Amino acid sequence: MENTYAVEIKQVREIIDFSDDITRPPGMPDFMRGMLNLRQQMISVIDLRSLYRMPALEHRGQAKILVIERGEELYGLMVDAVENIMTVNDSRRFTAPKMMRNTSAQGDPRSEMEEVIDIEGDGDNHQTLSVFECDRLLQRLAREIPALAA
């Protein structure tokens with residue numbers, strides 16, 4: 001069973017379908033899928049599965065790119081799918097327990113998460129989702145790869 005994560009919609013400019021029209025310039029880190037021309041703007045696409053050392057996605061039929069805007073730069077976070085867009089009351093947000101926040105491991109998505117959301121539901125529909133912090137990921141990558149900070 002795959003993990004499901006939440007991203008605050010205010011962190012995302014738009015969600016687009018995955019495209020094979022991604023150009024991969026030489027010398028890019030393995031987790032950089034490449035560059036995508038989206039309406040005359042170049043987007044650096046980051047493959048989160050590769051970044052976090054997960055097996056490649058076999059079928060990309062539901063794959064999406066979350067377009068993140070930071071200043072003049074656009075980044076695309078490649079994800080397996082977008083399941084749902086919902087409004088969550090702040091009373092359902094909690095600081096993640098320290099054991100869930102594996103901040104020492106750079107190859108673990110938990111290093112980009114500090115909160116969880118408790119989504120009520122009956123039986124198997126009850127979920128607790130880790131909230132993925134896009135800004136935290138981009139700040140870490142900018143420290144590790146100076147070209148991303150430029």
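Quick caveat, the model's predicted, so the values are computed rather than measured.
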Let me have the donor-acceptor pairs involving side chains of residues 31-43, under 3.5 Å, with sequence neighbours excluded, atom names and distances please.
residue: Arg33; atom: NH1; partner: Asp47; partner atom: OD2; Å: 3.2
residue: Asn37; atom: OD1; partner: Gln40; partner atom: N; Å: 3.0
residue: Arg39; atom: NH2; partner: Glu14; partner atom: OE1; Å: 2.9
residue: Arg39; atom: NH2; partner: Glu14; partner atom: OE2; Å: 2.5
residue: Gln41; atom: OE1; partner: Arg13; partner atom: NH1; Å: 3.4
residue: Gln41; atom: OE1; partner: Arg13; partner atom: NH2; Å: 3.4

Hydrophobic cluster membership, [X] vs [Y], 4.5 Å side-chain cutoff:
X	Y	result
Tyr75	Met28	yes
Ile22	Met78	yes
Val67	Val12	no
Val82	Phe18	no
Leu74	Leu141	no

Quick one: pull up [atom1] in [X] and [atom2] in [Y] and give me the separation to the nearest 0.5 Å.
X	Y	atom1	atom2	answer
Ile46	Ile68	CD1	CD1	9.0 Å
Leu48	Leu77	CG	CG	5.0 Å
Asp90	Ile117	CG	CD1	9.5 Å
Glu133	Arg140	CD	CZ	13.5 Å
Ser91	Arg93	OG	CZ	11.0 Å
Gln11	Ile9	CD	CD1	9.5 Å

Q) Is any side-chain heavy atom of Phe132 less than 4.5 Å from a side-chain heavy atom of Leu137? A) yes
**Q.** Ile16 vs Lys64 side-chain heavy atoms within contact, under 4.5 Å
**A.**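 No, their side chains stay 4.5 Å or more apart.
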Q.
Please find the pair of heavy atoms, one from Val7 and one from Cys134, that lie closest to each other, and give the distance.
A.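 Where Val7 meets Cys134 most closely, the heavy atoms are CG1-SG, 3.7 Å.
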Q) Looking only at heavy atoms, what is the nearest atom pair of Ala63 and Leu57, with distance? A)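 Minimum heavy-atom separation between Ala63 and Leu57: CB-CD2, 4.1 Å.
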Q: Go through the structure and list residues passing side-chain contact (heavy atoms from CB on, under 4.5 Å) with Asp30, not counting sequence neighbours.
A: Arg24, Ser50
Q | Stepwise side chain to side chain contact (heavy atoms under 4.5 Å, CB included) check, Glu73 with Leu138 | A | CA-CA 11 Å; Glu73 292 293 315; Leu138 293 176; over 6 Å; no
Q: Verify side chain to side chain contact (heavy atoms under 4.5 Å, CB included) between Ile15 and Ile85, making sure each step is shown before the conclusion.
A: CA-CA 11 Å; Ile15 301 169; Ile85 297 174; 4.3 Å; yes
